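Down below is the structure, laid out as structure tokens.
For the single chain, residues carry numbers from 1 onward in sequence order. Predicted model only: the values in this text are computed from it and were never measured.
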Amino acid sequence: MTGTTAILSTVTAAFLGSFVEVVEAFTIILAVGLSQSWRPAFIGTAAALAVLAVLVLLLGPLLELIPIEALQFVIGTLLILFGLRWLRKAILRASGLIALRDEARAFEAETDQLRRRSAERRADWLAGVAAFKAVLLEGTEVVFIVVAVGAGRGMTGYASLGAAAACLLVLAIGLLVHKPLARVPENTLKFAVGLLLTSFGVFWTGDGLGADWPGADLSLLGILALVAAVSFVAVKLLRPSSTAAWRVTP
């Protein structure tokens, strides 16, 4: 049961976190392909994936040289910081204090910008750079999520499966509809990812410090429940008393 809990939580965290990042990258790639041409979109994407592959190849051997306790502490601390960043924005959006992100508007804005540049001689190069930058930035976060949620307990393979499943799902849906995934409840996903990453961070930081968690890996569920309870209370306290319509901006 303990092993199953750890595997499922690792795969879920990697899947949800990667799904959000891939949706954002796909929005830019789709804008490049439809407004300019698919050639620079594919070239920029391929170049970014090559850089990410080198990054993964370099990180793997380096992580094996670090003692597991130190690795758990460092990754746990980074996960807490990374997870709280996602959680903070998700809480503020859920409470209505900052606007929700709209992938449709982000797609339109990127498309308009690329079309304005289409008359320039270097239009294809600029379009390729846009695709490269989007995939590299979002892909770097995917790599971090996979390493962070998997390396602490030797489950990088399971985390990679979750990330790969997210990438394939987004690409399959996107290629079928040829539209940005505007209906994806992005803030709900980010809220869930923030909860999971923060919970993993607390758990692994404790492991790195030598804490003896009751129930071993099952204590992850208790930490997750506590973080979720605090987050939902924060949303309720921050939400304005006079309910206003949520603003939606890119």
Rounded to the nearest 0.5 Å, how far does [atom2] of [Y] lie from [atom1] of [X]?
X: Leu195; Y: Leu16; atom1: CG; atom2: CG; result: 10.5 Å
X: Ile223; Y: Leu196; atom1: CD1; atom2: CG; result: 12.0 Å
X: Phe73; Y: Leu209; atom1: CZ; atom2: CG; result: 5.0 Å
X: Glu21; Y: Cys167; atom1: CD; atom2: SG; result: 10.5 Å

Please step through ring-ring contact (aromatic ring centres under 6.0 Å, His included) for the pair Phe15 and Tyr158, ending with a clear verdict. CA-CA 10 Å; Phe15 176 84; Tyr158 290 110; over 10 Å; no
Kindly work out whether a path of hydrophobic side-chain contacts (I/L/V/M/F/W/Y, heavy atoms less than 4.5 Å apart) joins [X] to [Y].
X: Leu238; Y: Phe191; value: yes
X: Leu226; Y: Leu197; value: no
X: Phe232; Y: Val193; value: yes

Leu220 vs Leu224, side chain to side chain contact (heavy atoms under 4.5 Å, CB included): CA-CA, chis, key distance, verdict: CA-CA 6 Å; Leu220 262 171; Leu224 177 61; over 6 Å; no
Between Phe200 and Phe82, is the gap from one ring center to the other below 6.0 Å?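 No, the ring of Phe200 stays outside the 6.0 Å limit from the ring of Phe82, centre to centre.
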Give me the atom names and distance for the closest heavy-atom approach of Ala14 to Ile145.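 Taking every non-hydrogen atom into account, CA-CG2, 4.0 Å.
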Of all the heavy-atom pairs spanning Thr205 and Gly76, show the shortest one and how long it is.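 Closest heavy-atom pair between Thr205 and Gly76: OG1-C, 3.1 Å.
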Expected output: side-chain [X] to main-chain [Y] donor-acceptor under 3.5 Å:
X: Ser95; Y: Leu92; result: yes
X: Trp213; Y: Gly206; result: no
X: Thr10; Y: Ala159; result: no

Side chain to side chain contact (heavy atoms under 4.5 Å, CB included) for Leu79 and Thr198? Distances and angles first, verdict last. CA-CA 6 Å; Leu79 271 178; Thr198 303; over 6 Å; no
Side chains of residues 127-140: which donor-acceptor partners sit under 3.5 Å, not counting sequence neighbours?
{"from": "Thr140", "atom 1": "OG1", "to": "Leu136", "atom 2": "O", "distance (Å)": "2.6"}

Within 6.0 Å of CZ in Arg39, more than 12 heavy atoms from elsewhere: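 It does not: Arg39 CZ has 12 such atoms or fewer within range.
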Heavy-atom check, side chain of Leu49 versus side chain of Thr45, under 4.5 Å: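 In short, these two side chains touch, coming nearer than 4.5 Å.
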With Val143, which residues qualify under side-chain contact (heavy atoms from CB on, under 4.5 Å), at least two apart?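 Scan of Val143 (side-chain contact (heavy atoms from CB on, under 4.5 Å), adjacent residues dropped) gives Leu52, Leu55, Val56, Leu59, Val147.
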